[in-house]
Amino acid sequence: MPEARTITLAVTGASGSIYAAEMLRALAADPRVVKVNLVVSDNALRVLAEELHLSGRNGLVEKLLGAPNEKIQQHPESDIGANIASGSYSTDAMIVLPCSMGTLAAIATGLAQNLIQRAADVTLKERRPLILCVRETPFNRIHLRNMQLASDAGAVIFPTIPTLYNHPQSTAEMARNFVHRVLAHIGLPQPGAYIWQPDSPRS
Ligand SMILES: Cc1cc2nc3c(=O)[nH]c(=O)nc-3n(C[C@H](O)[C@H](O)[C@H](O)COP(=O)(O)O)c2cc1C
């Protein structure tokens, strides 16, 4: 993977807006990441309003980061003519965080009906890393089958299951740790990330 990375971040309407917020912060702060193509689904906006009390698409990045960020380009979910809709536009990885069962189903079956689904389809056809941070509980057999289908097509199923052995003191810390794991998986290890050391003394 090259040093200067271009990452696609899609946020869909599953619970876990805090993960998306932490991911955006990490990508914005990472000097190796030169461009983030961000797509937030309409249904994700509904969940963001519920979970983080943020309303509307306008100024969303500023609200999440506390300041504007030049390297983040937000695309409407409906813009199937955006750069990331084409395989000729080079991206290093696409992360869907959180990934709803609806978007999982669409990706698993190649529907490509909005920009998130199309960009994921393109990521798979170009054999680039596609990380689906799925969230639902419990799973029905359709969810399980769709995860298998997506995995067989090359996606990584990376459920938003937090670790507790690092003793997170807040939901933000828990989410940050999860984000660190995702970024390490695509070759972007983060400074300060928790790494399990079995021999370290425990309190
Ligand atoms: C507060 C809230 C929480 C939700 N949580 C989930 C969830 O965890 N997983 C999921 O698959 N859908 C969840 N949904 C339902 C999705 O938002 C819904 O299926 C939607 O159609 C997904 O659309 P999208 O994939 O285009 O964003 C939730 C909806 C709301 C309002």
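Ligands are counted one by one from 1 in listed order, and the atoms in each one are counted from 1 as well. Positions are given from 1 along the sequence.
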Just distance, no hydrogens or angles: give the donor-acceptor pairs under 3.5 Å from side chains in residues 151-163, sequence neighbours left out.
from, atom 1, to, atom 2, distance (Å)
Thr163, OG1, Asn166, OD1, 2.9
Thr163, OG1, Asn177, OD1, 2.7

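Linking ILVMFWY residues whenever their side-chain heavy atoms come closer than 4.5 Å, directly or via other members, places Leu38 and Leu52 in the same cluster. Residues Tyr19 and Leu9 share a hydrophobic cluster, clusters being chains of Ile/Leu/Val/Met/Phe/Trp/Tyr side chains in contact below 4.5 Å.
In terms of protein heavy-atom proximity, atom 9 (N) of ligand 1 is nearest to Arg135 O, 2.7 Å. For atom 16 (C) of ligand 1, the closest non-hydrogen atom on the protein side is Gly13 O, 3.1 Å. For atom 5 (N) of ligand 1, the nearest non-hydrogen atom of the protein is Ser15 N, 3.2 Å. Shortest contact from atom 1 (C) of ligand 1 to any protein heavy atom: Glu50 CG, 4.0 Å. Looking from atom 10 (C) of ligand 1 to the surrounding protein, the closest heavy atom is Glu136 OE2, 3.4 Å. For atom 26 (O) of ligand 1, the closest heavy atom belonging to the protein is Asn43 ND2, 3.6 Å.
Using a 4.0 Å cut-off between a side-chain N of Lys or Arg and a carboxylate O of Asp or Glu, Arg176 and Glu173 do not qualify as a salt bridge.
Leu54 CG to Glu62 CD: the interatomic distance, rounded to the nearest 0.5 Å, is 11.5 Å.
Those atoms of ligand 1 that come under 4.0 Å of a heavy atom in Thr103, given as number and element, are 24 (P), 25 (O), 26 (O). Proximity to Thr12 (heavy-atom distance under 4.0 Å) selects the following atoms of ligand 1: 25 (O), 27 (O). Listed by atom number, the atoms of ligand 1 under 4.0 Å from Met101 heavy atoms are 10 (C), 11 (O).
At a threshold of 4.5 Å between non-hydrogen side-chain atoms, the residues Val40 and Gln74 count as touching.
Residue Ser41 touches ligand 1 through its side chain alone, judged by heavy-atom distances below 4.0 Å. If you look at Val47 next to ligand 1, the close heavy atoms, those under 4.0 Å, all belong to the side chain.
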Next item on the list: Just do the side-chain contact (heavy atoms from CB on, under 4.5 Å) check on Thr6 and Val34 with the steps written out, would you?
Entry: CA-CA 6 Å; Thr6 297; Val34 293; 4.2 Å; yes

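For atom 22 (C) of ligand 1, a protein heavy-atom neighbour is present inside the 4.0 Å cut-off. Within a 4.0 Å radius of atom 19 (O) of ligand 1, the protein contributes no heavy atom.
No more than 12 heavy atoms of other residues, nucleotides or ligands lie within 6.0 Å of CG in Asn58, so this atom counts as exposed by the packing criterion.
Between the side chain of Glu51 and the main chain of Gly16, a donor-acceptor pair closer than 3.5 Å is present.
When only interatomic distances are considered, the shortest N/O to N/O separation between Arg46 and ligand 1 does not fall below 3.5 Å.
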